[in-house]
2 protein chains.
Amino acid sequence: MNRNYPRIRDVAEAAGVSTATVSRALSTPDLVSEDTRAIVLKAVEATGYRVNHAARNLRRQQTGGIVVLVPNLANPFFSAILSGITSAMAPSGYNVLIADTRQGEHIRDYLHNNRADGLIVLDANLPEDVLSAGAPERHHPPIVFACEWLENDTRPKVVIDNVYGAGLAIDHLVELGHQRIGHVMGPPDNVLTITRAEGTRRALAKHGLTLRPDWFLEGDFSLASGAEAARRWLCMDDRPTAMFCSSDAMACGFIGELHHRGVRVPDDVSVVGFDNIDISAHFVPALTTIAQPRTRIGETAATCLLSLMKGEGEAICQPHVLEVELIKRQSAARLG
Amino acid sequence: MNRNYPRIRDVAEAAGVSTATVSRALSTPDLVSEDTRAIVLKAVEATGYRVNHAARNLRRQQTGGIVVLVPNLANPFFSAILSGITSAMAPSGYNVLIADTRQGEHIRDYLHNNRADGLIVLDANLPEDVLSAGAPERHHPPIVFACEWLENDTRPKVVIDNVYGAGLAIDHLVELGHQRIGHVMGPPDNVLTITRAEGTRRALAKHGLTLRPDWFLEGDFSLASGAEAARRWLCMDDRPTAMFCSSDAMACGFIGELHHRGVRVPDDVSVVGFDNIDISAHFVPALTTIAQPRTRIGETAATCLLSLMKGEGEAICQPHVLEVELIKRQSAARLG
DNA sequence: TCATCTTATGCAATCGATTACATCGCTGCA
DNA sequence: TGCAGCGATGTAATCGATTGCATAAGATGA
């Protein structure tokens, strides 16, 4: 930041008005006459003035930024959401800060409302106390949850219907003639894991299929854990003919590992994923999956947070449930 | 941001010292006696004080943040780099803002030094004037380029040796007996495209192979452009037996599309990618590729920027060239 | 014992934009 | 004519932390 940088006072002098008028011309144009406004804008142009955000934020008692808490930034699933957030935030002038929740203690800083005017949380598995709504001595800024959320928490969230999505996947497999269906899950304490597993169980029950707990494999949404699940599938002496994976990354890892071991998808086993990440359409075989609108999740969360910060109340921020969709491709085929 | 939030004055009163002492105890502990420091820290604890960054930044004439300009945030290639940046930045206390360069005019704002104390640029294809070093009336903050860079520009950068990397790929294919080698390129005006194509040409020449311009296909690093390249490959009546793709995403798109059309990799054509993104090891077939240390690129860029901002001069910021490595997997096989 | 130097602390100005309040000039109505 | 009301603008206080300068207390040396 450069000293001798044009200040609002320089603009005021150039325009022959007071700093108050310059400030008003820029942030509340209705309060100045059309003529002065034009003069001021010309002076701004001439001096190359840009507002000093630190000064503005100090006076306005705000920080001028929002923070996005991301679990594992390196996971491409989140980059599309981030992209949606930044594009929805850009016109507002708020800065978008990102913080990787794996970076330990630093996140606590971000939760304080003197660090950010708002928060978008993509990771509901933070240490117990961090996100608790019930600690009034901690001054949290407005929070919007996206993708993940806390059970029994009334704060606004932007999510999908994971139970329904899982149901779509199972219905499809059953339609293809599969009766022996397994499930690769995410990490145990994750809401997405829980709801997708629940949806899987319900759909299996609906179709009168017996539930085989030994066919529910634990994973962590990653490629590597999908590969690990494949190895466990290979060790079974009584194998399912189809696997529903709780993330596309796990589905890809699963298929890739099977391929290395000489097992073919969908010939030897059908696979359905969840997320519809970019690679899925190009995978070999192209991945049948449940699509969720990732960019729109980000946009919606950002828009919701903006209206919360404007103080437009919680009313318009009822849980947004965005639609999911079955994308039929080649990784799941008719049993036979 | 809450009014009646503890200010430095509250801490001062609680500790029975002046605000100056509190400030010093926190930011320059050496200037304060051990006893008072302890008292102040206790008072900080008791009041729950957190510094107001707007006030600090205003007084210190800084913004407290750095901006990362990313071309297409939704591209997973960049998320690993971002991850490296945030982890290297976390201890410094600087905020990390991200801006997607596709978001048009807003980027210009970020380039002004009253918006950020430093800049990491991952996209060298911005409009001509935006990054030009030679416009002194624009007050740029310190800049570090990463991955991409401007030709004939002496500013610090963190890059890899793309010519050498491309050479590794071609050498490997030649070693496997391939004589007819094509190349899928990135967008035409991109430095990575240019240097990787140059490396390809040089390596082909080194091995005495004739250069076939009709085997150099244009792409844009994306999955979709890889698929498009596959379609063009299929239309050739005189096909290369191996393709070196300038990004893993294009390699995956290429292989996926061929697979849909019944062409097998590596049986019918060998493919080598570039980047070693996470999916590559799990792709079908597992992708032979040139690895670049993406996380470390981010970390190095961040560290370099930090020392630049500390005013430690350009000296320690000579172009950092990080190493690349050939990862042999299954997508490239012996010809025959 | 006094002058000098060092260390620890306080006082108060400062960073730049915003905004409550005061002022001024004008219009319109009684 | 006089006064209320309104629109446009200026004056100056304010946001909270930092830091140059002043000062006081203690250490050192002659």
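Reminder, nothing fancy here: chain letters follow the sequence lines and each chain counts from 1.
Here the C1' atom of nucleotide C:dG16 and the CD atom of A:E13 are 14 Å apart, to the nearest Å. With rounding to whole Å, A:D30 atom CG is found 17 Å from D:dC6 atom P. The distance between atom CZ of B:R37 and atom C1' of C:dT7, rounded to the nearest whole Å, is 13 Å. Rounded to whole Å, the distance from CZ on B:R9 to P on D:dA17 is 9 Å. Note: CG (B:L58) to P (D:dT19) measures 12 Å, nearest angstrom.
Contact annotation: side chain of A:R60 to base of C:dT18, donor-acceptor pair absent below 3.5 Å. The base of C:dG10 lies close enough to the side chain of B:R24 for a donor and an acceptor atom to sit less than 3.5 Å apart.
Of the side-chain N and O atoms in A:T36, one or more sit less than 4.0 angstrom from OP1 or OP2 of D:dT9. At the phosphate of C:dC15, neither OP1 nor OP2 sits under 4.0 Å from any side-chain N or O atom of B:Q62. Between A:R56 and C:dT18, a side-chain N or O to OP1/OP2 separation shorter than 4.0 Å is present. Regarding contacts with the backbone of D:dA17, a side-chain N or O of B:Y49 is found under 4.0 angstrom from either OP1 or OP2. Between A:S33 and the phosphate of D:dT9, there is a side-chain N or O to OP1/OP2 separation shorter than 4.0 Å. A sub-4.0 Å separation between OP1 or OP2 of C:dG16 and a side-chain N or O of B:Q61 is present.
The side chain of B:I8 lies closest to D:dT18, out of D:dT18, C:dT19, C:dG16. For A:R59, the listed nucleotide lying nearest its side chain is D:dA13; candidates were C:dC15, D:dA17, D:dA13.
Counted by atom type alone, B:T21 and B:S18 present one or more donor-acceptor pairs between their side chains at under 3.5 Å.
Note that OG of A:S33 is 7.5 Å distant from CD1 of A:I39, once rounded to the nearest 0.5 Å.
When the nearest nucleotides of DNA chain D are assigned to B:T28 and B:A55 by heavy-atom distance, the more 5′-ward of the two goes with B:A55.
Within 4.0 Å (heavy atoms only), B:T21 reaches sugar-phosphate atoms of the nucleic acid but no base atom. Note on B:V22: nothing from the nucleic acid sits closer than 4.0 angstrom, heavy atoms only.
More than 12 heavy atoms of other residues, nucleotides or ligands sit less than 6.0 Å from atom CD of A:E323.
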Would you check, one step at a time, whether the test salt bridge (charged side-chain N to carboxylate O under 4.0 Å, His left out) holds for A:R102 with A:D123?
CA-CA 10 Å; A:R102 292 168 312 166; A:D123 179 358; over 6 Å; no

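Judged by distance alone, with hydrogens and angles left aside, the side-chain atoms of B:R294 form a donor-acceptor pair with the main-chain N or O of B:F77 at under 3.5 Å.
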